[in-house]
Colleague: 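My questions will all concern the structure given below.
Below, read A as the first sequence line, B as the second, and so on, with proteins coming before strands; counting in each chain starts at 1.
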Number of protein chains: 2
Amino acid sequence: MSVRNIFYRSIKSRGLRLTAQRKAVIDCLVASKKPLSAEDIYLHVQRRGLGINLATVYRTLDTLVESGLAERVGMELHRAYYTLCRGRKHLHHFFCKGCGNSYDLPHCPVKERTTEDLIPEAFTVTSHRYEVYGYCGKCSS
Amino acid sequence: MSVRNIFYRSIKSRGLRLTAQRKAVIDCLVASKKPLSAEDIYLHVQRRGLGINLATVYRTLDTLVESGLAERVGMELHRAYYTLCRGRKHLHHFFCKGCGNSYDLPHCPVKERTTEDLIPEAFTVTSHRYEVYGYCGKCSS
DNA sequence: GAGTAAATGCGAATAATTTGCAAAAGGCGG
DNA sequence: CCGCCTTTTGCAAATTATTCGCATTTACTC
């Protein structure tokens with residue numbers, strides 16, 4: 001089963017309706033290698049010839065986040081970016097404040113250490129957020 | 001020398017003017033144990049009987065951040081919070097989803113690696129965010 | 001104390017996101 | 001396949017945090 005279909009099913013299994021707009025937003029995020037803003041998604045979907053309203057994009061993204069299917073990242077750029085939560089594979093990002101692009105970081109601070117090393121006591125870690133901001137090669141110069 | 005005065009001096013040493021408004025914003029942040037939003041600061045200063053404009057609070061905070069004297073944190077919910085950088089110490093936190101407490105993390109993922117190791121190319125890093133969520137010892141059991 | 005550049009106040013402008021409401025459409029039962 | 005009922009969408013207007021332009025004020029240098 002394709003990644004798309006897994007998300008389609010997750011929508012339905014939560015009692016939500018699988019509308020054309022929701023499919024389009026999911027397809028867009030599945031196809032993207034980097035987190036996208038609501039406007040990015042809006043434009044991508046428009047370009048594919050599917051009509052969608054920006055408010056609907058926002059509402060769909062809220063729904064995905066509330067359902068635990070997507071994550072809101074990169075808030076320091078005065079704008080939210082969204083990325084799907086995919087199985088075990090998890091990534092962190094570098095956000096360029098110049099051009100707005102984002103790049104995968106090659107490491108994860110939590111994965112590379114044991115729990116004892118990570119925190120003072122034997123706490124239980126459920127999730128984490130790690131983001132680096134700055135300027136990419138082009139925008140630095 | 002008081003903490004206040006250290007910040008007052010830092011302002012001047014950067015060629016910036018030490019105005020009544022800047023003093024008020026700094027005093028407010030020095031007195032607070034937690035990060036404050038621009039509006040928090042605006043209201044606190046007003047309450048002390050000092051006139052200040054919200055735009056001035058924003059400009060002052062920008063100035064402090066650009067000068068490396070303050071940090072912008074907690075962008076989570078569409079609003080920025082500010083906290084003074086005290087000494088060289090910069091911290092990341094573990095947030096317990098059970099009791100809501102937060103604990104300092106003993107390490108920083110950015111500090112402990114070189115730029116080449118951190119990102120694909122020689123990008124410029126300006127800031128980062130690193131937060132771990134889970135349950136503390138008491139809330140785990 | 002005067003001159004000058006920097007900072008402030010004010011109001012209006014932005015930009016991202018949210019909301020109210022009527023119309024459209026998904027998905028259930030028949 | 002049809003209709004019903006509820007959810008979702010589109011649209012336009014509202015909100016919210018933050019920024020900007022510009023005239024006025026003020027800190028700091030000489």
Side-chain angles (χ1 to χ4, degrees), chain A residues 5 7-28 35-46 48-67 69-70 72-82 95 97 100, chain B residues 5 7-28 35-46 48-67 69-82:
Chain A
N5 285 323
F7 283 100
Y8 288 1
R9 289 213 172 177
S10 301
I11 287 287
K12 301 206 72 177
S13 73
R14 280 164 177 75
L16 299 167
R17 291 185 183 172
L18 189 53
T19 65
Q21 292 84 346
R22 284 177 177 168
K23 280 185 188 171
V25 170
I26 289 172
D27 290 355
C28 203
L36 301 174
S37 69
E39 200 181 2
D40 290 339
I41 294 170
Y42 170 71
L43 294 173
H44 275 125
V45 174
Q46 295 280 35
R48 281 196 208 160
L50 292 160
I52 195 170
N53 189 275
L54 188 54
T56 301
V57 175
Y58 276 108
R59 279 187 285 226
T60 300
L61 291 169
D62 284 350
T63 301
L64 290 173
V65 171
E66 275 161 32
S67 307
L69 299 175
R72 198 179 261 116
V73 300
M75 302 286 292
E76 293 196 22
L77 303 172
H78 301 133
R79 160 176 245 166
Y81 289 82
Y82 299 83
F95 296 92
K97 298 199 281 189
Chain B
N5 285 324
F7 283 99
Y8 287 1
R9 288 213 171 179
S10 300
I11 288 287
K12 303 206 72 176
S13 73
R14 281 166 176 75
L16 299 167
R17 294 185 181 172
L18 190 52
T19 65
Q21 291 84 346
R22 284 178 177 168
K23 280 184 187 171
V25 170
I26 289 172
D27 290 355
C28 203
L36 300 174
S37 70
E39 200 181 2
D40 290 339
I41 294 169
Y42 170 71
L43 293 173
H44 274 126
V45 174
Q46 295 280 36
R48 280 196 208 160
L50 290 160
I52 195 170
N53 189 276
L54 188 53
T56 301
V57 174
Y58 275 108
R59 278 186 288 228
T60 300
L61 290 170
D62 284 349
T63 301
L64 290 173
V65 171
E66 275 160 33
S67 307
L69 299 175
E71 214 178 337
R72 200 180 260 114
V73 300
M75 303 283 290
E76 305 311 283
L77 250 120
H78 307 134
R79 170 176 234 148
Y81 289 82
Y82 298 83

Colleague: Are the side chain of B:D40 and the backbone N or O of B:S37 linked by a donor-acceptor pair below 3.5 Å?
Modeller: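 A pair under 3.5 Å: yes.
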
Colleague: When you measure from the side-chain N and O atoms of B:Q21 to the phosphate of C:dG9, is any distance below 4.0 Å, counting only OP1 and OP2?
Modeller: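 Yes, because at least one side-chain N or O of B:Q21 sits under 4.0 Å from OP1 or OP2 of C:dG9.
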
Colleague: Rounded to whole angstrom units, what separation is found between the CZ atom of B:R14 and the C1' atom of D:dA27?
Modeller: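 These atoms are roughly 19 Å apart.
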
Colleague: Can you name the residues that form a side chain to side chain donor-acceptor pair (under 3.5 Å) with A:Y81, not counting sequence neighbours?
Modeller: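 Scan of A:Y81 (side chain to side chain donor-acceptor pair (under 3.5 Å), adjacent residues dropped) gives none.
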
Colleague: Please set out all donor-acceptor pairs under 3.5 angstrom arising from side-chain atoms of residues 13-21 of chain B, sequence neighbours excluded.
Modeller:
unit_1, atom_1, unit_2, atom_2, d
B:S13, OG, B:R9, O, 3.4
B:S13, OG, B:S10, O, 3.0
B:R14, NE, B:S67, O, 3.0
B:R14, NH1, B:S10, O, 3.1
B:R14, NH2, B:S67, O, 3.2
B:T19, OG1, B:R22, N, 3.1

Colleague: To check you understand the geometry: which heavy-atom pair defines the closest contact between A:L36 and A:C28, and what is its length?
Modeller: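 Looking at all heavy atoms of both residues, the shortest contact is CD1-O, 3.9 Å.
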
Colleague: If the sugar-phosphate is the primed atoms plus P, OP1 and OP2 and the base is the rest, what is the B/S/- string for nucleotides 14-21 of chain C, using protein heavy atoms under 4.0 Å?
Modeller: --SBBBB-

Colleague: When rounded to the nearest 0.5 angstrom, what is the spacing between CD1 in A:I11 and CD1 in A:I26?
Modeller: 4.5 Å

Colleague: What integer distance in Å separates B:L36:CG from D:dA17:P?
Modeller: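 In whole Å, D:dA17 P lies 15 Å from B:L36 CG.
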
Colleague: Whole angstroms only, please: what is the CD1-P distance between A:I11 and C:dG27?
Modeller: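 Taking atom P of C:dG27 as the reference, CD1 of A:I11 is at 11 Å.
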
Colleague: How long is the straight-line distance from CD1 of A:I52 back to NE2 of A:H44, given to the nearest 0.5 Å?
Modeller: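 If we round to the nearest 0.5 Å, A:H44:NE2 and A:I52:CD1 are 13.0 Å apart.
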
Colleague: Would you mind reading off the distance between A:L50 atom CG and C:dA25 atom C1', rounded to a whole angstrom?
Modeller: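 A:L50 atom CG is separated from C:dA25 atom C1' by 15 Å.
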
Colleague: Calculate the interatomic distance between A:L61 atom CG and D:dT9 atom C1'; express it in whole Å.
Modeller: 15 Å

Colleague: When you look at A:L50 and A:K23, which way does the side-chain contact (heavy atoms from CB on, under 4.5 Å) test go after all the steps?
Modeller: CA-CA 11 Å; A:L50 292 160; A:K23 280 185 188 171; over 6 Å; no

Colleague: So what is the end-to-end bend of the helix from C:dG1-D:dC30 to C:dG30-D:dC1, with 5 pairs used at each end and the value given to 10 degrees?
Modeller: 40°

Colleague: Indicate the atoms forming the closest heavy-atom contact of A:L54 with A:A38, along with that distance.
Modeller: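 It is CD1-O, 4.0 Å.
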
Colleague: Kindly indicate whether the side chain of B:Y8, heavy atoms from C-beta on, has any atom under 4.5 Å from the side chain of B:K12.
Modeller: no

Colleague: Do any side-chain atoms of residues 56-66 of chain B form donor-acceptor pairs under 3.5 angstrom with protein atoms, and if so which ones, sequence neighbours left out?
Modeller:
unit_1, atom_1, unit_2, atom_2, d
B:T60, OG1, B:T56, O, 2.8
B:D62, OD1, B:R72, NH2, 3.0
B:T63, OG1, B:R59, O, 2.8

Colleague: Report, one pair per line, the protein and nucleotides 28-30 of chain D atoms (nitrogen or oxygen only) whose separation is under 3.5 Å.
Modeller:
unit_1, atom_1, unit_2, atom_2, d
D:dC28, OP1, B:K12, NZ, 3.3
D:dC28, OP1, B:L18, N, 3.0

